[in-house]
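Data block below; observations after.
Computed from a predicted structure; not experimentally measured.
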2 protein chains.
Amino acid sequence: MSRILVVDDEKDIVELVSLHLQREGHEVVSVGNGLAVLPMAVKTAPDLIVLDIMLPGIDGVQVHRRLRADTRTRHIPVIMLTARAQTNDRIAGLESGADDYLTKPFSPRELMLRIGAVLRRSQKVVMLAEQRIGEFLLDRKNMSLSISGKLVELTITELKLITTLMANPDVIHSRSELLSAVWGYADDTHSRTLDTHIKRLRDKLGDHGRHIGTLRRQGYLFQSVVGELTDA
Amino acid sequence: MSRILVVDDEKDIVELVSLHLQREGHEVVSVGNGLAVLPMAVKTAPDLIVLDIMLPGIDGVQVHRRLRADTRTRHIPVIMLTARAQTNDRIAGLESGADDYLTKPFSPRELMLRIGAVLRRSQKVVMLAEQRIGEFLLDRKNMSLSISGKLVELTITELKLITTLMANPDVIHSRSELLSAVWGYADDTHSRTLDTHIKRLRDKLGDHGRHIGTLRRQGYLFQSVVGELTDA
DNA sequence: TGTTTGGGTGACGAGACTGTGACGGCAGGA
DNA sequence: TCCTGCCGTCACAGTCTCGTCACCCAAACA
């Protein structure tokens, strides 16, 4: 299911862990030398790294830092294995920003559970850095909107509003949905707040404000095509 | 190289276009019936669709709308083929939000050029919807930052600032770089503006403010690990 | 046609946000 | 040790932003 890189110089541990991981359907890559971790991680692009803090030559924290410093390995979650005796390692493991840690000796079952948890947690959700609908270009990276290449100056509220609408163009967004997405309100569907911001947004968009449609008693929507409202 | 769906009821055109596309290393799928476009697009997930506006039964604009209305095909760029005689189609092709259009008859070379341009333009840049560094969780979707699950209320300026810093943790961001990224300033490296916002940000982060480090005469950085400054 | 309901619009005041200048302090170099 | 340059900190005033209210208008409905 996932590819996991196990870093430990103790062959027994590597074998034990590998066995359990493979039994759960994971692919295992292993390395015993700390200096080989980064190259191996780059080469195999694992979904998770199990990293022993005690390694000959270079310690795990250093290895972890190098992984974090490299763009290619930065996003890979790491579970630290620390020795029971060294309480400091425990702290180091956490402080170094590892996604989780485990104290040796550990039960394979616990490691499996933690790996499962971290993998679940690290299911990265990707989004488009830029979204283009007709003349509209939403730049999520720079948190800005431009129309036909011209930057439109929006306040944070307006930006959140149009971002929500543009996330699903031609789909009706109810008042409560928008209030929830932009303001975090539970319901309160009565005030004029939403209407006012819709108006401000439309004004700033000028002619293109027509892309924001109203469906009476239903909500608002961003229309990718202006004209009559889509019959959807 | 790319998979391209060609939609036209004229077999000559389909063959001509296919020939040229294949010559450039593209994979070609074709459909003659407008109603079959959406299912085919869903099935084959092409990187681009060349769509004739004149189709028997259902016209290209309608087909385009359906493609746009479906989440699975929404992001696929479309090049419209319009007939010379119908000037209105030309406008319809543009207004419908097609990524480009071409008037029949066209030279295969021009179509190839436009396809190349659209493909290049549509190389979607993906980003992580959430970025996690230690206790920090940057939610780009909701434009918010939380630390250990607790939401930190930031102004738009502060948010842009920490977003920029967190985009490349443990990397020094010069004053001019930050001023440019957050404020769009060209240089103006002298005012206290940046310092003030850095301070406000640190204050709001509380203890975690220590993650924002200062490198005298060099700039600021987001440290994934607190303690001494990284020697990088 | 009259009534009801829901959205559009404009104005306004409270409060938030921002950029700046003054000043102090620390670090690095002479 | 002193000096200089750079950053931290603070206070402040101007501006922006936001939510609300009152009122108007149009659509839906009886």
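As a whole-Å value, the separation of A:L194 CG from C:dT9 C1' is 14 Å. Residue B:E153 contributes atom CD, which lies 17 Å from atom P of C:dG15 at whole-angstrom precision. Taking atom CG of residue B:L179 and atom P of nucleotide C:dT18, one finds them 14 Å apart after rounding to whole Å.
For the side chain to side chain contact (heavy atoms under 4.5 Å, CB included) test, residues two or more places apart in sequence or in another chain that qualify with A:I156 are A:K160, B:M143, B:I156. Taking the side chain to side chain contact (heavy atoms under 4.5 Å, CB included) definition, one finds that A:R202 meets it with A:I198, A:I212, A:T214, A:Y220, sequence neighbours left out.
For A:D203 and A:K199, the salt-bridge test passes: some basic side-chain N is under 4.0 Å from an acidic carboxylate O.
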When you compare the protein's N or O atoms with those of nucleotides 8-18 of chain D, which come within less than 3.5 Å of each other, and at what distance?
residue, atom, partner, partner atom, Å
D:dG8, OP1, B:R202, NH1, 3.0
D:dG8, OP1, B:T214, OG1, 2.8
D:dG8, OP2, B:Y220, OH, 2.6
D:dG8, N7, B:R192, NH1, 3.4
D:dC10, OP2, B:K199, NZ, 3.3
D:dC18, OP1, A:T155, OG1, 3.4
D:dC18, OP1, A:T157, N, 3.4
D:dC18, OP1, A:T157, OG1, 2.3
D:dC18, OP2, A:T155, OG1, 2.9

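Annotation: salt bridge (Lys or Arg N to Asp or Glu O under 4.0 Å) contacts involving residues 214-223 of chain A, sequence neighbours excluded, are absent. Note on residues 141-158 of chain B: pairs passing salt bridge (Lys or Arg N to Asp or Glu O under 4.0 Å), not counting sequence neighbours, are B:E158-B:K204.
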Protein proximity profile, nucleotides 24-30 of chain D - base contact B, sugar-phosphate-only contact S, no contact -, cut-off 4.0 Å on heavy atoms: --BBS--
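The number of heavy-atom neighbours closer than 6.0 Å to CG of B:D207, taken from other residues, nucleotides and ligands shown, is 12 or below.
Aromatic ring pairs are classed by plane angle as parallel below 30°, tilted from 30° to 60° and perpendicular above 60°; the pair B:H208 and B:F136 is perpendicular.
Judged by distance alone, the side chain of A:Q131 and the main-chain N or O of A:M166 form a donor-acceptor pair under 3.5 Å.
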